Amino acid sequence: MNSNRPVHTPQRHFQAVDGCLMVGGMPLTRLAERVGSTPFFAYDRSVIKKRVAELRAALPAAIELHFSVKANPMPAVVQLMSGLVDGFDVASASELRVALDTTMPAGEISFAGPGKLDAELAQAIAAGVVLSLESPNEARRAAAIGDRLGLTPRVLLRVNPDFEMKSSGMKMGGGAKQFGVDAEAAPQLLREIGAMGLDFHGLQIFSGSQSLSAETIVDAQRNTFELAQRLAEHAPAPIALLNIGGGFGIPYFPGEAPLDLAPVSEQLAAMLPRISDALPGTRVAIELGRYLVGEAGIYVTRITDRKVSRGQVFLVTDGGMNHHLAASGNLGQVIRKNYPVAIGNRMAVDGEGAALETVSVVGPLCTPLDTLADRMPLPHADVGDLVVVFQSGAYGPSASPANFLSRQPAAEVLV
Ligand SMILES: *Cc1c(COP(=O)(O)O)cnc(C)c1O
């Protein structure tokens, strides 16, 4: 193998014992029996807890941590997170229901997303959660529904910033966007929100997602604090909550390195006293999805066939893009790259260099898009072996076309 070829960041969250990956304290082969079928997603609660604890230790204590439920809306995961974070951000009525079933207080749940239906607004207002307003129209509809219900909706204004998060995996702010209200238009709407009788709670400024660059995140956070201070002058009430977004990424592909939190933490520590001077009493929250749960999950699928086509080995598995669209490279990637993949029951035993062969791992769907690993060096594997896709705890089943080819959905377990 060419030594200059970029490799995946070592998977340090899951250990192997006697050549078998351990998940939730159990060998993967036994977990597969426990689940009863493949494919499945397994999320390791100890990895999630450790991640949150490490993040809290790294960031200033005053920073509140919100979990973005859309990253992993499995009810058991959301329940676990309710004891670990300070708030939830949901983006649909179904996510709201899952969040409200946990011990998280309604007042610490915010509901964002363009295109909220009247019925969803009514559910959220009745529940007493915070609405993240995405447009003037939505503000007026929320006020009217509040009138009808005899309740005062509590609202954040979601602002589409006047800057972009450079080199983030997904830009969600800056330029023309369907999210939030343009920063230039925000002063006007903030005044109207006061006149509409809405309970103004604060601002949400989210600029991007999946960034592995501390410098990018530091820049975005500095710009966000500046924007928030400018907008605060127009706000109808003090800013109780300033949600500065998140965007912390995780390494998925060869050559990517984990985010260095130190510069982010340093700047936050420097900014917080200035924020509390300028905006006394304002709580600052960051909202994270994949950073909290992404590395804690694996996708497990069994090899059902091994075949050779013109010299290239294909391992065919019982699951693929229908369960894990992102790992197939079809969820927003411009150039397809391999997720970290292993043969879970043939992990390298210490001191033994396993002989690798270059294979492609493909799912069962009748489309070449259904590829989990394209020409990747893996230990020799055969029918019955378990393929593991790491970094699969976020944007898995709920972000995949489960009905494509009308196959069974994947099971999900929290272990
Ligand atoms: C999707 C989303 C997030 C979570 O993004 P991650 O990359 O999973 O951290 C956070 N905030 C908002 C507004 C989102 O839409």
Side-chain angles (χ1 to χ4, degrees), residues 43 48 51-52 55 59 63-74 77-78 81 84-92 94-96 99 108-116 124 129-135 138 155-161 164-165 167-174 177-181 202-214 216-217 220-221 224 228 241-253 256 258-259 261 264 284-297 325-326 331-333 391-400:
Y43 313 117
I48 296 176
R51 180 62 152 211
V52 174
L55 180 62
L59 297 182
I63 295 288
E64 297 192 6
L65 216 55
H66 284 205
F67 175 53
S68 215
V69 171
K70 81 171 190 285
N72 189 327
M74 184 198 184
V77 168
V78 181
M81 296 308 283
L84 300 176
V85 299
D86 306 301
F88 284 151
D89 296 317
V90 299
S92 71
S94 300
E95 287 185 5
L96 176 61
E108 306 300 333
I109 299 172
S110 59
F111 185 0
K116 296 184 208 71
V129 305
V130 181
L131 286 173
S132 243
L133 296 176
E134 303 267 355
S135 74
E138 195 175 77
V155 300
L156 296 173
L157 181 61
R158 180 165 179 186
V159 179
N160 174 23
E164 284 198 343
M165 189 162 176
S167 69
S168 60
M170 220 179 270
K171 287 191 176 57
M172 293 190 53
K177 288 282 181 302
Q178 72 268 52
F179 307 112
V181 173
L203 301 171
Q204 179 191 25
I205 305 176
F206 181 81
S207 45
S209 189
Q210 179 50 21
S211 174
L212 290 169
S213 157
T216 294
I217 291 172
Q221 290 183 341
T224 299
L241 180 68
L242 173 59
N243 178 332
I244 61 170
F248 296 13
I250 62 173
Y252 289 104
F253 305 120
E256 291 184 342
L259 173 65
L261 284 178
V264 179
V284 177
I286 56 173
E287 53 177 341
L288 298 171
R290 78 185 80 225
Y291 190 83
L292 301 182
V293 294
E295 300 195 2
L325 187 66
L331 186 65
Q333 292 96 321
Q391 308 296 75
S392 298
Y395 305 107
S398 69
S400 301

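Here the structure is a predicted model, which means the values were calculated and not measured. In each ligand, atom 1 is the first atom listed, and ligand 1 is the first ligand listed.
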Only heavy atoms of R158, strictly under 4.0 Å: list the atoms of ligand 1 that pass. 13 (C)
Are the side chains of F206 and I286 in touch, meaning some heavy atoms are under 4.5 Å apart? no
So for F206, does at least one of its heavy atoms come nearer than 4.0 angstrom to any atom of ligand 1? yes
Given side chains that start at C-beta, do those of L203 and L156 come closer than 4.5 Å, heavy atoms only? no
Hey, are K70 and E95 close enough for a salt bridge, meaning a charged N less than 4.0 Å from a carboxylate O? no
Are the side chains of H66 and F88 in touch, meaning some heavy atoms are under 4.5 Å apart? no
Does a side-chain heavy-atom distance below 4.5 Å link Y252 with Q210? yes
Using a strict 4.0 Å cut-off to heavy atoms of Q204, name the atoms of ligand 1 that fall inside it. 13 (C)
Are any of the side-chain heavy atoms of V181 and L133 separated by less than 4.5 Å? no
Can you confirm, on distance only, whether ligand 1 has an N/O atom lying under 3.5 Å from any N/O atom belonging to Y291? no
Closer than 4.0 angstrom: is that true for some heavy atom of F179 and an atom of ligand 1? no
Among non-hydrogen protein atoms, atom 5 (O) of ligand 1 lies closest to Y395 OH, 3.4 Å
Do me a favour and list the nearest non-hydrogen protein atom to atom 9 (O) of ligand 1 with residue, atom name and distance? G289 N, 2.9 Å
Atom 1 (C) of ligand 1 sits nearest the protein heavy atom K70 NZ, 1.3 Å
Do Q204 and V159 have side chains that get closer than 4.5 Å, going by heavy atoms? no
Which residue and heavy atom of the protein sit nearest atom 4 (C) of ligand 1, plus the separation: S68 OG, 3.3 Å
Under 4.0 Å from any heavy atom of S209, which atoms of ligand 1 are there? 5 (O), 6 (P), 7 (O)
